[in-house]
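Note that the numbering runs from 1 along the sequence shown for the chain.
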Amino acid sequence: MIEFIKETLLLLPFLFGTYLVLETIEAKAGGALGRWLERARSVGPLAGSLAGALPQCGVSAAAASFYAGGVVTVGTLLSVFLSTSDELLPVLVSKHVPVSVIAKIVGIKILCAIAVGFTVNGVLVLFRKHRREVSVGELCEHSHCHCSSRGGILVPALIHTVEIFFFIAVVSGVIELAMHYFGEDCLETLHMSTPIVGELAAGAIGLVPNCAVSVASAELYVNGALSGGALMASSFTSSGLGLLVLLRTNRNLRENICIVLSVYVIGVLLGMLTGPLL
């Protein structure tokens, strides 16, 4: 429970910084900043994959808000989600897993995330799918916060930060209690060392937006109850609190469902493909 509180509080500066950036972009999107963002989208998956690999979930939460505000593409969002590993890497380090194995996991995740991100963006361009414009106003409309009438950027950013923070705290608190009562013992019954079944189950468990899942996956892997493929599948689908923020900030339910399913399917397939490399 202490780790849950710590993780949630550490998210606050990321959220506030994200919404400060979004409010600034909204105020200046029609000028040079808007043109720069448009050009920067072409390298988004590369930057997103590298940022997501950092061992914390603040980047994925920020990416979800940026996507909801139209700042980054869906390819960049998927890159961040797939490269995020939440608490997996610190736990593997604490369990004295060989550095070569940890480096391999990080390298595989980054390379796969980059490939997926650019591929998705390329496919969308090929089929001429509409790319959303930068619009923080949509976030306000979805949240019913009416903060656009308050002027400036600090107050609106603070309103969004508090609103999202309490939503995350409540939902994550419920998940934390469930993991506390069921936890690792329940995960051990899912036969996640069995080929295919293990990856499918681990990928689904990885979608749960809570660091306890990453911790349990690392523990099970070290104890031999989780195969390499299942570990990778869980790691690919474990995007920290990113999915939770996406579901709260992005008003397009169909889009959200497609993104969640994409993370799961791609994560499981990549887990099957890359597991034997560990």
Roughly how far apart are [X] [atom1] and [Y] [atom2], rounded to 0.5 Å?
| X | Y | atom1 | atom2 | answer |
| --- | --- | --- | --- | --- |
| L244 | T249 | CG | OG1 | 9.5 Å |
| F66 | T73 | CZ | OG1 | 13.5 Å |
| E199 | L226 | CD | CG | 9.0 Å |
| F118 | S42 | CZ | OG | 7.5 Å |
| S79 | I110 | OG | CD1 | 11.0 Å |
| I196 | S227 | CD1 | OG | 11.0 Å |

Applying the side-chain contact (heavy atoms from CB on, under 4.5 Å) criterion to F236, which one of I108, L269, V268 satisfies it?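 Output: one option passes, namely I108.
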
Shortest non-hydrogen contact from [X] toward [Y]:
| X | Y | result |
| --- | --- | --- |
| A218 | L92 | CB-CD2, 3.9 Å |
| G267 | T237 | CA-CG2, 4.0 Å |
| A51 | V59 | O-CG2, 3.6 Å |
| V72 | A63 | CG2-O, 3.9 Å |
| S49 | S83 | O-OG, 3.0 Å |
| Y264 | L200 | OH-O, 2.9 Å |

Give the C-alpha distance, both sets of side-chain angles, the deciding distance and a yes or no for side chain to side chain contact (heavy atoms under 4.5 Å, CB included) between I105 and L231. CA-CA 10 Å; I105 291 173; L231 177 71; 4.0 Å; yes

Residue pair [X] / [Y], side-chain heavy-atom distance below 4.5 Å:
| X | Y | answer |
| --- | --- | --- |
| I259 | F81 | yes |
| F165 | H160 | no |
| N121 | T76 | yes |
| S239 | V80 | no |
| M232 | L270 | no |
| S65 | L22 | yes |
| L246 | L77 | yes |

Does one hydrophobic cluster hold both L273 and L111, with members joined at side-chain heavy-atom distances below 4.5 Å?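 In one cluster: no.
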
Check whether V43 and V120 end up in the same hydrophobic cluster, where Ile, Leu, Val, Met, Phe, Trp and Tyr are linked by side-chain heavy atoms less than 4.5 Å apart.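 No.
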
Taking the side chain from [X] and the backbone from [Y], do they hold a donor-acceptor pair closer than 3.5 Å?
| X | Y | result |
| --- | --- | --- |
| K109 | A53 | no |
| N256 | R251 | no |
| N223 | A225 | no |

Apply the side chain to side chain donor-acceptor pair (under 3.5 Å) test between S217 and each candidate in S85, S238, S235, S234; give the one that qualifies.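 When side chain to side chain donor-acceptor pair (under 3.5 Å) is applied between S217 and each of S85, S238, S235, S234, only S234 qualifies.
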
Counting neighbours of CG on L277 that are heavy atoms of other residues, nucleotides or ligands and sit closer than 6.0 Å, is the number greater than 12?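 Atom CG in L277 is packed in, count exceeds 12.
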
Other than L253, what residues sit in its cluster of Ile, Leu, Val, Met, Phe, Trp and Tyr side chains whose heavy atoms are under 4.5 Å apart, directly or through others?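 Its cluster mates, by chain and number, are I257, L261.
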
Going through the distances and angles, do L158 and Y19 end up as a side chain to side chain contact (heavy atoms under 4.5 Å, CB included)? CA-CA 8 Å; L158 183 60; Y19 287 111; over 6 Å; no

Residues two or more places apart in sequence or in another chain: which of them pass side-chain hydrogen bond (donor to acceptor under 3.5 Å, both in side chains) with T18?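 Per chain and number, T18 pairs via side-chain hydrogen bond (donor to acceptor under 3.5 Å, both in side chains) with no residue.
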
Any salt bridge (charged side-chain N to carboxylate O under 4.0 Å, His left out) pairs touching residues 95-105, not counting sequence neighbours?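 Listed by first then second residue: K95-E219.
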
